[in-house]
Amino acid sequence: MDGDNSRWRPPSILLIPLLLCGGLIFYVDVFQIKSFSVTNSFKLPEPRFIGYSEKIDLNGFLVKTEGCRIPYMDPLDTSIKKYVSKPKQFVCNKNKPPLMEANLTYVYMLNNSLSSYEVKNISALKCCYSAFHRVEPSSKQGDNIVSYNKCVQFNESVKIEDDFIRVSCTYNKKEIYKDFFSFVPIKPRIKNFSSNPGSNEKLNVLVIGLDAVSRLNLHRQMPKTVNILKDIGAIELLGYNKVGDNTFPNLVPVLIGLSENELKKDCWHKKTDKFDDCKLIWKNYSTSGYATAFGEDSTWMGTFNYMKRGFKKQPTDYFWGPFNYVSEKQIGNAHDMNVHQCVGSRAVYQVLLDYITKFVKTMTQNQISYFGFFWGASLSHDYLNKPSLGDETYANFFTKLTESNMLNNTALIFMSDHGIRWGGIRTTYQGRIEERLPFVFIVMPKSYRDSYPQAFANINRNTKRLTTPFDLHETLKNLLKPHSLKRALINERINKRDGKERSYSLFEPIPSNRTCETAAISPHWCTCQTSASISINNSDIIDATKYVVKYLNKQLDGYAECAELTLAEIYDGRLHSADNKLKGESYSEDYTVVFRTVPGDGNFEATVRQYVSKKGKEKHFNVMGSVSRINLYGSQSLCMTDYHLKLYCYCIT
Ligand SMILES: *[C@@H]1O[C@H](CO)[C@@H](O)[C@H](O)[C@H]1NC(C)=O
Ligand SMILES: *[C@@H]1O[C@H](CO)[C@@H](O)[C@H](O)[C@H]1NC(C)=O
Ligand SMILES: *[C@@H]1O[C@H](CO)[C@@H](O)[C@H](O)[C@H]1NC(C)=O
Ligand SMILES: *[C@@H]1O[C@H](CO)[C@@H](O)[C@H](O)[C@H]1NC(C)=O
Ligand SMILES: *[C@@H]1O[C@H](CO)[C@@H](O)[C@H](O)[C@H]1NC(C)=O
Ligand SMILES: *[C@@H]1O[C@H](CO)[C@@H](O)[C@H](O)[C@H]1NC(C)=O
Ligand SMILES: *[C@@H]1O[C@H](CO)[C@@H](O)[C@H](O)[C@H]1NC(C)=O
Ligand SMILES: *[C@@H]1O[C@H](CO)[C@@H](O)[C@H](O)[C@H]1NC(C)=O
Ligand SMILES: *[C@@H]1O[C@H](CO)[C@@H](O)[C@H](O)[C@H]1NC(C)=O
């Protein structure tokens, strides 16, 4: 929870559990949270909002087309300011330095650290490393099993030819140090790729994700990173609208091009199925002669792991998740809310960025084309204000990649999946809109901008159009065949379009009459409509809210362990403009309501469509999309295993 948000402070229990991406819970001391409260002395760095000059032309709108208007919002709007504060820097391993460090191929001892480990007689220090690798899990196992080789002794340094190692040192027969390091050895499958002379027709693709950061929160929290990206020619999608609640339903469209429901029909029939049969975009890159990589931190709640079973076969040439899982499990520390902030003496997000650097460096040096997809949650998943702690590191990361010419032939996508999903900011109108508008930055290499001017002009124009994760998938398909960005080929595709497609590559013109409906964004997530606040005493708002409570109870029907919920308080109600409202005709309009139920003081947000028949005689309601839980549900739903229903169930057993 972020900042001071007294209204949403959970009941005064000592341990409060947290709502996660998808809904599992974890415990955290409530007093720890308080240490993040607002400090008035904090001054935000002067944000630089390039691209905002366009807002003037757009008259206060980020997107202003026939089909969609998204209002411009001030990142430091008065309604938001009170939730913005400087977070406390976390400390890894109580500031004890690591005893070892690694570069591209070696692990070596840091002599300066010996005193911190009270090593006086170096001959009595024994260190060894065990290489380890992922083991294919059975159908019943989750994707986090590894197997270790025997421990190999070494002295000051040793060359490593494996992906992952665990280092252990004993001094006077006592283990005094344990650490984990990851490397990027060239795999046999991709060895030959380097000799491919056609590689200049290929573009590397590097996707770097930062979980739960809205576009505006990136500007608030990471201004240095934003400036670097702008300096290297990044374009920023202003109207990128999420299509589902948490990480999974927003990344499946990017990686597979399907909605969560379509995925269930296509390749993930049961929650216990693994994802091997799904058409992940990296498979296409793999068969086209690219090296592929997929890596996440906080893997225990990873995209394909959280209450899910991951993969049987390793999905990509380089697959970092199992490394993160075991290292967090064995030497994770500075645990806060849902994440380990550190492994050993290092910040987890830094370890991920170091691995990405190694991957990119190795592939670039060996001239192997690659597709890399990396996702970081440890820095940003739980708190609105924590991303600022990583600003410097991310800014340096992008600067170094650029300065060492490693992005010369690479399309870089830096993105998030949604904004922060809980906490005080979610009680504000702006906070709710922001949550639906994650950031996406795209950097195309200069050679590409020059070779494909029309494609580049299109993507520039599309920054001010309504865009979705499905579009990113089409874009990744395009990047697989860069020549398809040629003017003639784009025009050929445009001619085949009827203007009603669900998804477009960002290199094609996105029609100005695109609506949330044609883009498959449910009304609950749609930021396009203009809406107005209405009194919480308005009878339609009350009826709509009562309908949602009834709907929630119906979802819980048959679960005797869950209490029946009763409406306690309505916090906020908004009416969205109804485009299809025609005098004398039947019409529908959408309300968004925010309310509290008892027992359990659950806070919810829902969008409800009211259908009104001709002449207004008959009315009925329908809940659009899913009902969002916007406060912590704690241990309240321990009895419930279904991760959707966990959001609603108050256990009475
Ligand atoms: C990595 O470290 C080893 C051991 O200290 C050293 O010999 C090697 O030159 C280093 N490699 C690079 C690329 O810095
Ligand atoms: C660290 O200490 C060892 C043993 O005293 C020595 O052999 C080695 O050269 C030292 N390394 C560095 C980088 O000073
Ligand atoms: C240092 O450790 C070695 C190996 O355990 C031992 O043989 C030696 O006696 C020790 N030296 C001192 C000064 O303790
Ligand atoms: C490490 O140093 C010891 C003592 O100098 C030596 O006997 C041993 O062979 C060395 N081990 C390796 C793996 O180099
Ligand atoms: C690499 O290329 C050689 C010659 O083209 C071929 O014989 C060999 O099978 C290839 N190796 C792999 C792993 O694809
Ligand atoms: C990607 O690969 C899938 C099979 O995994 C195939 O069905 C699809 O047509 C391919 N798409 C592209 C754009 O090559
Ligand atoms: C990358 O681009 C820079 C500037 O355009 C150029 O100086 C450099 O030689 C290029 N490096 C590589 C490895 O292509
Ligand atoms: C959008 O405009 C195009 C071209 O004018 C038209 O063909 C299409 O039907 C329109 N789409 C919608 C959803 O109105
Ligand atoms: C709603 O009604 C209550 C009780 O009648 C009243 O106290 C409150 O001020 C009203 N709120 C608004 C926003 O009109």
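Order of listing sets the numbers, starting from 1, for every ligand and every atom in it. Every heavy atom of this structure was used, including side-chain atoms; hydrogens, water molecules and symmetry mates were not.
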Which residue and non-hydrogen atom of the protein lie closest to [atom], and at what distance in Å?
| atom | answer |
| --- | --- |
| atom 5 (O) of ligand 6 | Lys279 CG, 3.8 Å |
| atom 1 (C) of ligand 6 | Asn284 ND2, 1.4 Å |
| atom 4 (C) of ligand 3 | Ser123 O, 3.8 Å |
| atom 2 (O) of ligand 3 | Asn121 ND2, 2.4 Å |

### Task
For Ala124, take its heavy atoms, then give the atoms of ligand 3 lying under 4.0 Å from any of them.
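Near Ala124, meaning under 4.0 Å from one of its heavy atoms, ligand 3 has 2 (O), 5 (O).
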Does [Y] have [X] sitting over its ring (NZ/CZ under 6.0 Å from centre, angle to axis within 45°)?
| X | Y | result |
| --- | --- | --- |
| Lys358 | Phe183 | yes |
| Arg487 | Tyr452 | no |
| Arg502 | Phe470 | yes |

### Message
For atom 14 (O) of ligand 1, tell me which residue out of Asn103, Val107, Val158, Leu104 has the closest non-hydrogen atom.
### Response
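That would be Asn103.
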### Query
Does atom 9 (O) of ligand 6 have a protein non-hydrogen atom under 4.0 Å from it?
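No, because not a single protein heavy atom sits under 4.0 Å from atom 9 (O) of ligand 6.
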### Task
Mark yes or no for whether Asn204, through its side chain, and Tyr370, through its backbone, hold a donor-acceptor pair below 3.5 Å.
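Yes.
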#### Entry: Cys128/Cys151 sulfur gamma separation below 2.5 Å
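Looking at Cys151 and Cys128, their sulfur gamma atoms lie closer than 2.5 Å, so the answer is yes.
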### Under 2.5 Å between SG of Cys278 and Cys267
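Between Cys267 and Cys278 there is a disulfide, given that their SG atoms are under 2.5 Å apart.
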### Any side-chain heavy-atom pair of Tyr177 and Ser113 under 4.5 Å
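No - every pair of side-chain heavy atoms lies 4.5 Å or more apart.
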### Task
Check each atom of ligand 6 against the heavy atoms of Lys477 and keep those under 4.0 Å away; list them by number with element.
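Result: 13 (C).
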### Query
What part of His473 sits under 4.0 Å from ligand 6 if we count only heavy atoms: the side chain, the backbone, both or neither?
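None of His473 does.
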